[in-house]
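What you see below is based on every heavy atom in this structure, not just the backbone, and it leaves out hydrogens, waters and symmetry mates. Lettering follows sequence order; numbering is per chain, from 1. Fair warning: this is a prediction, and the values are worked out from it, not measured in the lab.
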2 protein chains.
Amino acid sequence: MSKEMFLQQLRQKGYKVTSQRQVILDFIAQNKGEHLSPDEIYERIKKTNPEIGLATVYRTLALLCKMKFIHKLDFDDGCSRYELNRHEGDHRHHHLICTICGSVTEVEEDLLDSLEEQVMRKNGFIVKDHRVKLYGYCKECRKKQ
Amino acid sequence: MSKEMFLQQLRQKGYKVTSQRQVILDFIAQNKGEHLSPDEIYERIKKTNPEIGLATVYRTLALLCKMKFIHKLDFDDGCSRYELNRHEGDHRHHHLICTICGSVTEVEEDLLDSLEEQVMRKNGFIVKDHRVKLYGYCKECRKKQ
DNA sequence: GATTATAATAGATAATATTATCATTTGCAA
DNA sequence: TTGCAAATGATAATATTATCTATTATAATC
């Protein structure tokens with residue numbers, strides 16, 4: 001999704017396009033691939049835009065989440081982290097969290113279709129999104145065991 | 001797992017069996033089925049055991065998690081919640097979270113075997129546990145749409 | 001295009017949930 | 001008993017959210 005498309009979506013839903021939102025949006029887009037925390041984003045943005053407050057960073061991140069532009073992640077390291085949503089609207093990868101070294105690896109896709117179908121059939125629950133975390137030992141730590 | 005077995009496991013791993021830990025353990029075992037938050041546990045335990053501090057509740061919950069006696073949950077309602085681990089050592093159900101009414105339903109099992117096997121093969125990652133959250137519309141809310 | 005009304009947003013900061021710190025207490029082995 | 005590492009309670013620190021007043025984007029009007 002391009003920046004312009006996103007700004008249009010904001011206006012369309014009645015949200016305002018503020019300079020702060022654009023700055024934060026640009027920053028996240030420029031740092032895709034990193035799992036940034038609110039405080040990291042705040043500290044690094046503050047250097048060029050010292051007028052932006054921490055609360056606004058939190059609020060904008062929450063808004064970007066609601067708009068499905070980013071995802072909130074939780075790796076149990078004491079703060080939340082966010083990543084760009086690369087595949088429009090849909091969540092398309094899982095996280096492998098090593099319980100030894102704490103590393104986080106992403107794996108593409110999925111294989112959840114049969115699970116979601118079963119939940120639909122047995123529980124009447126319509127699945128719109130999912131979050132999957134796999135805990136275990138990464139390749140490196142496995143060797144050292 | 002019985003209480004005695006659990007206390008033995010504590011001693012075996014070098015942890016001490018304190019009265020506070022026993023009180024919290026008993027309370028959780030007596031309220032299985034509820035998804036209790038640390039503050040709820042603290043407030044309700046305080047009535048009969050006013051000497052127990054909030055920090056101890058948090059610490060004991062973290063310990064019980066590490067011992068795989070309970071699970072930490074996150075339903076995005078502003079606090080963490082815990083539930084008894086019914087199937088020893090292994091995580092055996094997923095959560096369906098309705099994004100309309102906020103209800104949380106549990107579904108037994110799994111169908112993750114093929115996913116975990118694939119992760120093992122492609123990433124060399126040994127999966128020891130997983131956490132799956134499915135977001136969507138529950139049966140009731142679906143009707144009202 | 002400039003002006004104005006207004007609801008949304010921003011910044012500052014108080015409140016809340018959780019974790020870290022530290023001095024004191026306690027379970028447990030010698 | 002006694003010694004000591006581990007645990008506790010109190011509370012400071014941190015991450016996040018809620019609150020409240022001032023500011024601002026935007027649509028309507030001139």
Any residue meeting side chain to side chain contact (heavy atoms under 4.5 Å, CB included) with A:E43, in chain and number order, not counting sequence neighbours: A:D39, A:K46

Map A:G53 and A:G14 onto DNA chain C by nearest heavy atom, then report which one ends up closer to the 5' terminus. A:G14

Check salt bridge (charged side-chain N to carboxylate O under 4.0 Å, His left out) between A:R21 and all other residues, then give those that pass, not counting sequence neighbours. none

List every contact pair, protein side and nucleotides 19-21 of chain C side both N or O, where the distance is under 3.5 Å.
unit_1: C:dT21; atom_1: O4; unit_2: B:R59; atom_2: NH1; d: 3.4

To the nearest Å, give me how far apart CG (B:L64) and C1' (D:dA7) are. 14 Å

Suppose we screen for side chain to side chain donor-acceptor pair (under 3.5 Å). Which residues come up paired with B:D77, at least two apart in sequence or across chains? B:R81

Which heavy atom of B:Y137 sits nearest to which heavy atom of B:C98, and what is that distance? CA-SG, 4.1 Å

Return the set of residues passing side chain to side chain contact (heavy atoms under 4.5 Å, CB included) with B:V23 (not counting sequence neighbours), or none when no residue passes. B:I45, B:N49, B:I52

For atom CD1 of A:I24 and atom C1' of C:dG11, their distance in whole Å: 12 Å

Holding to salt bridge (charged side-chain N to carboxylate O under 4.0 Å, His left out), I want the full list of residues that pass it with A:E51, two or more places apart in sequence or in another chain. none

How about A:H35 and A:E83: does a side-chain donor come under 3.5 Å of a side-chain acceptor? yes

Return the value, rounded to whole Å, for the distance between atom CG of A:L73 and atom C1' of D:dT16. 16 Å

Does anything in residues 39-52 of chain B come within less than 4.0 Å of DNA chain C? Heavy atoms only, and list the residues if so. none

Pairing residues for A:K66 by the side chain to side chain donor-acceptor pair (under 3.5 Å) criterion, not counting sequence neighbours: A:Y15

Qualifying residues under side chain to side chain donor-acceptor pair (under 3.5 Å), relative to B:Y82, sequence neighbours excluded: none

Nearest-Å distance, CG (B:D74) to P (C:dA17)? 14 Å

Any side-chain N or O of A:Q20 below 4.0 angstrom from OP1/OP2 of C:dG11? yes

Rounded to whole angstrom units, what separation is found between the CG atom of A:L63 and the P atom of C:dA8? 13 Å

List for me each residue that meets side chain to side chain contact (heavy atoms under 4.5 Å, CB included) alongside A:R11, sequence neighbours excluded, and say none if there are none. A:L7, A:V17

Could you work out, with side chain to side chain contact (heavy atoms under 4.5 Å, CB included) as the rule, every residue matching A:D26, not counting sequence neighbours? A:K3, A:Q30

Mind calculating the distance between CZ (A:R21) and P (D:dT24) to the nearest angstrom? 15 Å

May I ask you to evaluate whether A:S80 reaches the phosphate of D:dT16, defined as a side-chain N or O under 4.0 Å from OP1 or OP2? yes

Separation of D:dT14 C1' from A:D77 CG (nearest whole Å): 13 Å

Could you state the atom-to-atom distance from CG of B:L36 to P of C:dT18 in whole Å? 13 Å

Protein within reach of the bases, or only the backbone? For nucleotides 24-30 of chain C, mark each nucleotide 5' to 3' as B, S or -, using heavy atoms under 4.0 Å. --BBS--

